[in-house]
Amino acid sequence: MPDYGHALIIMLVMGAATFATRIVPVIIFGRSAKVPDFILYLGKVIPYTAMGLLIVYCLRDVSILGGTHGIPELIAMAVVVASYLWKRNTIVSVVLGTAVYMMLLQMVFV
């Protein structure tokens with residue numbers, strides 16, 4: 001039997017955290033104040049930095065000397081890049097690359 005009290009506490013904490021992320025910028029900068037240039041700069045560069053971090057994280061354990069030699073990873077990366085250049089949709093590219101990678105691991109390189 002589920003513990004509804006525990007689930008309720010988790011939902012309330014998640015709701016409070018979501019609300020806090022929305023209200024903190026308003027508290028710091030105010031509604032009509034101009035956002036500082038440094039914050040605008042961070043908004044432009046952080047997505048690319050996060051993508052680079054994810055790439056390094058995903059490829060950190062790939063061994064080109066053993067197993068599949070990194071071939072599934074290279075194919076999946078090529079699919080992500082090609083689909084992004086084609087459709088300019090990050091979510092579609094990531095989902096498509098993940099699906100291709102999983103299919104390669106499950107069907108081809110078993």
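If you're wondering where the values come from, they're calculated on a predicted model, not measured in any experiment. Residue indices begin at 1 and follow the sequence shown.
No continuous path of hydrophobic side-chain contacts links Val92 to Val94 [ILVMFWY only; heavy atoms under 4.5 Å]. No continuous path of hydrophobic side-chain contacts links Leu85 to Val80 [ILVMFWY only; heavy atoms under 4.5 Å]. Both Ile55 and Leu74 sit in one connected hydrophobic cluster of ILVMFWY residues. Membership requires side-chain heavy atoms under 4.5 Å apart, directly or through other members. In the hydrophobic clustering of ILVMFWY residues, with side-chain heavy atoms under 4.5 Å counting as a link, Leu96 and Leu104 come out together.
Here the closest non-hydrogen pair linking Ser83 and Ser93 is OG-OG, 3.1 Å. In this structure, Pro47 and Gly43 approach most closely via the heavy-atom pair CD-O, 3.4 Å. The nearest pair of heavy atoms linking Asn89 to Ile91 is OD1-N, 3.1 Å.
Sequence neighbours left out, the pairs with a member in residues 32-57 that pass salt bridge (charged side-chain N to carboxylate O under 4.0 Å, His left out) are Lys34-Asp37.
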Exercise. I would like to know whether Val62 and His69 meet side chain to side chain contact (heavy atoms under 4.5 Å, CB included); could you show each step before the answer?
Key: CA-CA 8 Å; Val62 174; His69 306 290; over 6 Å; no

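In this structure, CD1 in Ile64 is found 11.0 Å from CD1 in Ile71, a value given to the nearest 0.5 Å. Expressed to the nearest 0.5 Å, how far CD of Glu73 lies from OG of Ser63 amounts to 10.0 Å. Here the OG1-OH distance, from Thr90 to Tyr84, works out to 4.5 Å after rounding to the nearest 0.5 Å. In this structure, Met51 CE and Ile46 CD1 are separated by 14.0 Å, a value rounded to the nearest 0.5 Å.
Surrounding CE of Met102 are more than 12 heavy atoms belonging to other residues, nucleotides or ligands, all under 6.0 Å away. Counted within 6.0 Å of CD1 on Ile10, heavy atoms from surrounding residues, nucleotides or ligands total more than 12; the atom is thus considered enclosed.
Here Val35 pairs with Ile39, Leu40 under the side-chain contact (heavy atoms from CB on, under 4.5 Å) rule; sequence neighbours left out.
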Show me, pair by pair, the donor-acceptor contacts under 3.5 angstrom made by side chains of residues 13-25, not counting sequence neighbours?
from: Thr18; atom 1: OG1; to: Met14; atom 2: O; distance (Å): 2.9
from: Thr21; atom 1: OG1; to: Thr18; atom 2: O; distance (Å): 2.7

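Residues Phe29 and Pro36 have side chains in contact (heavy-atom distance under 4.5 Å, counting atoms from C-beta outward).
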